[in-house]
Amino acid sequence: VQLVESGGGSVQAGGSLRLSCAAPGYRYDTYCMGWFRQAPGKAREGIAVIDSDGDTAYAESMKDRFTISVDNAKNTLYLQMNSLKPEDTATYYCAAGQGVGWCLDVIRVGAEPDFDYWGHGTQVTVS
């Protein structure tokens, strides 16, 4: 299974972007999918996760501006980002794994993620 992110780019502060993560062939009854980002010189940061029950968890600093969603028919994960700030500049990655019990804790308590697949990333630059 290959995850492919798209939708990144350059945007002015206050603008919006919608990232997509295509996951063709990824079909499990229970799953966890998420978005992460990493800026140069900084550690990877969890943004949001969503599980197959439809439950979500967001990083506190982004929950009012970012929305995670999934289209199961298209096997595609999305991240709608609004009111972007220069500090949102980073490479954004999607990830997918089986099961739901561990999913929300990845964001809520910083648990080590148990994802099976990661995308190669898409760059977001906010100026």
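- Residue C32 holds its SG atom at 7.0 Å from CG of L104, rounded to the nearest 0.5 Å.
- Side-chain contact between V124 and L19 is present, with at least one heavy-atom pair separated by less than 4.5 Å.
- The main-chain N or O of K85 is found under 3.5 Å from a side-chain atom of D88 such that the two form a donor-acceptor pair.
- Linking Ile, Leu, Val, Met, Phe, Trp and Tyr residues whenever their side-chain heavy atoms come within less than 4.5 Å places L3 and Y28 in a single cluster.
- No path of Ile, Leu, Val, Met, Phe, Trp and Tyr side chains, each step under 4.5 Å between heavy atoms, connects I50 with Y78, placing them in separate hydrophobic clusters.
- Taking all atoms of both residues into account, the shortest heavy-atom contact from A59 to G46 is CB-O, 3.4 Å.
- Residue D29 qualifies as open at atom CG: its count of foreign heavy atoms under 6.0 Å is 12 or below.
- V70 and V4 fall into different hydrophobic clusters, defined by Ile, Leu, Val, Met, Phe, Trp and Tyr side-chain heavy atoms under 4.5 Å apart, directly or through other members.
- Counting all heavy atoms, side chain and backbone alike, G97 lies closest to F115 at N-CD2, 3.5 Å.
- Residue W118 forms a ring-ring contact (aromatic ring centres under 6.0 Å, His included) with just one option from F36, W35, Y92, and that option is F36.
- Of all non-hydrogen atoms in E45 and S61, the two that sit nearest each other are OE2-OG, 4.3 Å.
- Smallest separation of non-hydrogen atoms from S83 and S16: N-OG, 4.3 Å.
- V11 and L79 fall within a single hydrophobic cluster, where Ile, Leu, Val, Met, Phe, Trp and Tyr are joined by side-chain heavy atoms under 4.5 Å apart, directly or via other members.
- Taken to the nearest 0.5 Å, the OH atom of Y93 stands 11.5 Å off from the CD1 atom of I47.
- In Q12, the CD atom is not crowded: 12 or fewer heavy atoms of neighbouring residues, nucleotides or ligands sit closer than 6.0 Å.
- Looking only at atom types and distance, the side chain of N72 has a donor-acceptor partner in the side chain of Y31 under 3.5 Å away.
- N75 places no side-chain N or O within 3.5 Å of a backbone atom of P24 that could act as its donor or acceptor partner.
- The distance from atom CG of D64 to atom OH of Y58, rounded to the nearest 0.5 Å, is 10.5 Å.
- In this structure, C94 SG and E5 CD are separated by 4.0 Å, a value rounded to the nearest 0.5 Å.
- In this structure, CE in M33 is found 10.5 Å from OG in S69, a value given to the nearest 0.5 Å.
- T89 contributes a side-chain N or O that, together with a main-chain N or O of V126, makes up a donor-acceptor pair within less than 3.5 Å.
- Without hydrogens or angle criteria, D51 side chain to D53 main chain gives a donor-acceptor distance under 3.5 Å.
- The CZ atom of R37 lies 8.5 Å from the CE atom of M81; values are rounded to the nearest 0.5 Å.
- For the pair Q80 (side chain) and R18 (backbone), a donor-acceptor distance under 3.5 Å is absent.
- Here the closest heavy-atom approach between residue T30 and residue S52 is recorded as CA-OG, 3.1 Å.
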